[in-house]
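Inspection log for the structure reproduced underneath, given as structure tokens.
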Amino acid sequence: MTPLQRYIAEEIATDHVEGLLSRREALRRLGLLGMGAPAAVALLASCAESAQQSAPTTTTAAGSSASPSSPPPGTANAVAATPITFPGPEGRTLQGAWAEAAQPRGGVLVIHENRGLTDHIRSVTGRFAGAGYSALAVDLLSEEGGTATFTDQAAATAALSKIPQDRFVADLRAGLTELGRRVPGKRLGATGFCFGGGLTWLLLTSGTPELAAATPFYGPFPDGGQVTGSKAAVLAVYGALDARVDASRPAAEAALDQAGLPHESYVADNADHAFFNDTGPRYQPTAAAEAWRRVIDWYGRYLG
């Protein structure tokens with residue numbers, strides 16, 4: 001398996017162990033990734049064993065506060081995102097969601113989770129525009145017809161797992177080019193979530209000097225990755241209960257130190273993986289609000 005496929009497979013197994021997926025559904029999703037039944041069963045068992053050996057923290061505890069008493073952060077002033085198409089690499093056409101700030105202070109590329117370009121990601125795109133940063137979310141399943149063509153969310157995830165990393169980087173760079181065209185003369189940032197957080201790190205380690213800032217949310221840092229080709233100031237966001245992704249934080253911080261880039265890590269208390277997604281079971285409103293405040297402050301410092 002590629003590192004990306006392994007990450008998605010482990011996420012499925014973790015969701016099962018934490019009670020978010022039945023065993024039958026977890027095995028089905030692992031099968032869609034191309035994993036045989038014996039390997040899938042072994043992965044579920046390994047993940048369960050690891051969970052038993054770790055400190056007893058549960059999704060229920062983290063998610064019990066997920067009955068928000070106020071709207072999700074940034075939604076009060078959000079701008080409606082509209083569907084667009086724009087030129088991609090090798091003559092391909094990319095799909096995306098675009099939200100324009102009234103007086104843009106900069107531009108933000110929004111990178112979706114492994115479910116594709118969902119309504120939640122469209123909402124986040126509009127929230128950035130409401131905060132003063134015109135934003136573009138690229139549908140990384142554009143070549144497959146777009147996220148909307150998948151009626152089975154697990155099939156969309158499986159399709160993403162089969163896409164070469166080079167294509168992700170090329171499509172995201174095309175998104176940055178389009179974003180720069182739409183906000184000429186403004187600095188650009190990138191924010192990604194989960195799988196998209198990992199792709200944010202991949203952009204940084206691939207060398208993207210056009211990025212002035214980046215805020216990856218709970219994304220795994222690439223094995224052996226270096227960010228020497230980047231100029232971005234990085235705010236990395238993690239959940240304290242997300243041991244799987246948090247394990248890559250020391251490597252990310254070491255790479256940023258080595259590159260001499262401005263950086264900070266925010267580890268949200270009592271928050272698990274995907275705590276910012278207000279449509280998911282791990283949503284933690286207190287942590288989400290604080291993360292949003294820090295991200296907007298970060299972009300205020302480094303984008304304008």
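From a predicted model like this one, the values you see are computed outputs, not experimental measurements.
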Assess the residue pair R122 and T118 against the criterion (side-chain hydrogen bond (donor to acceptor under 3.5 Å, both in side chains)); give the C-alpha distance rounded to whole Å, side-chain angles, the decisive distance to 0.1 Å, and a yes or no. CA-CA 6 Å; R122 292 185 184 90; T118 62; over 6 Å; no
Going through the distances and angles, do R181 and F86 end up as a side chain to side chain contact (heavy atoms under 4.5 Å, CB included)? CA-CA 11 Å; R181 185 186 70 81; F86 57 95; over 6 Å; no
What do the steps show when you test Y218 against F195 for ring-ring contact (aromatic ring centres under 6.0 Å, His included), and what is the final call? CA-CA 8 Å; Y218 28 74; F195 162 86; over 10 Å; no
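Not a single donor-acceptor pair under 3.5 Å links the side chain of T85 to the backbone N or O of Q95. Counting only distance, with no hydrogens or angles, the side chain of S46 and the backbone of L43 share no donor-acceptor pair below 3.5 Å. Side-chain N or O atoms of S142 include none that pairs as donor or acceptor with a backbone N or O of V138 at under 3.5 Å. T191 contributes no side-chain N or O that, together with a main-chain N or O of V110, makes up a donor-acceptor pair within less than 3.5 Å. Judged purely by atom type and a 3.5 angstrom limit, W201 uses its side chain to pair as donor or acceptor with the backbone of G219. Checking side-chain atoms of T2 against main-chain N and O of Q5 turns up a donor-acceptor pair under 3.5 Å. Side-chain N or O atoms of S206 include one that pairs as donor or acceptor with a backbone N or O of L202 at under 3.5 Å.
Between atom CG of residue D171 and atom CD1 of residue I163 there is a gap of 8.0 Å, rounded to the nearest 0.5 Å.
Between F193 and H120, the ring planes lie perpendicular to each other; the angle is over 60°, past the 30° to 60° tilted range. Classification of the F217-F275 ring pair by plane angle, with boundaries at 30° and 60°, yields tilted. Ring geometry, H273 versus Y7: the interplanar angle exceeds 60°, so the pair is classed perpendicular (tilted spans 30 to 60°).
Using a 4.0 Å cut-off between charged nitrogen and carboxylate oxygen, D223 and R6 count as a salt-bridge pair. At a threshold of 4.0 Å, the pair E143-R167 does not count as salt-bridged, since none of the basic side-chain nitrogens sits closer than that to a carboxylate oxygen. No salt bridge links K231 with E210; every basic N to acidic carboxylate O contact stays at or beyond 4.0 Å. Salt bridge D297/R301: absent, no basic N to carboxylate O contact under 4.0 Å.
A donor atom on one side chain and an acceptor atom on the other are not found under 3.5 Å apart for D272 and Q284.
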Compile the donor-acceptor pairs under 3.5 Å between side chains in residues 252-262 and protein atoms, sequence neighbours left out, one pair per line.
from: E253; atom 1: OE2; to: R249; atom 2: NH1; distance (Å): 3.4
from: E253; atom 1: OE2; to: S265; atom 2: OG; distance (Å): 2.7
from: D257; atom 1: OD1; to: H263; atom 2: NE2; distance (Å): 2.7

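Screening T177, D166, V169, L94 against P89 for a side-chain contact (heavy atoms from CB on, under 4.5 Å) leaves a single residue, L94.
Clustering ILVMFWY residues whenever any of their side-chain heavy atoms sit less than 4.5 angstrom apart, transitively, puts L140 in a cluster other than the one holding L32.
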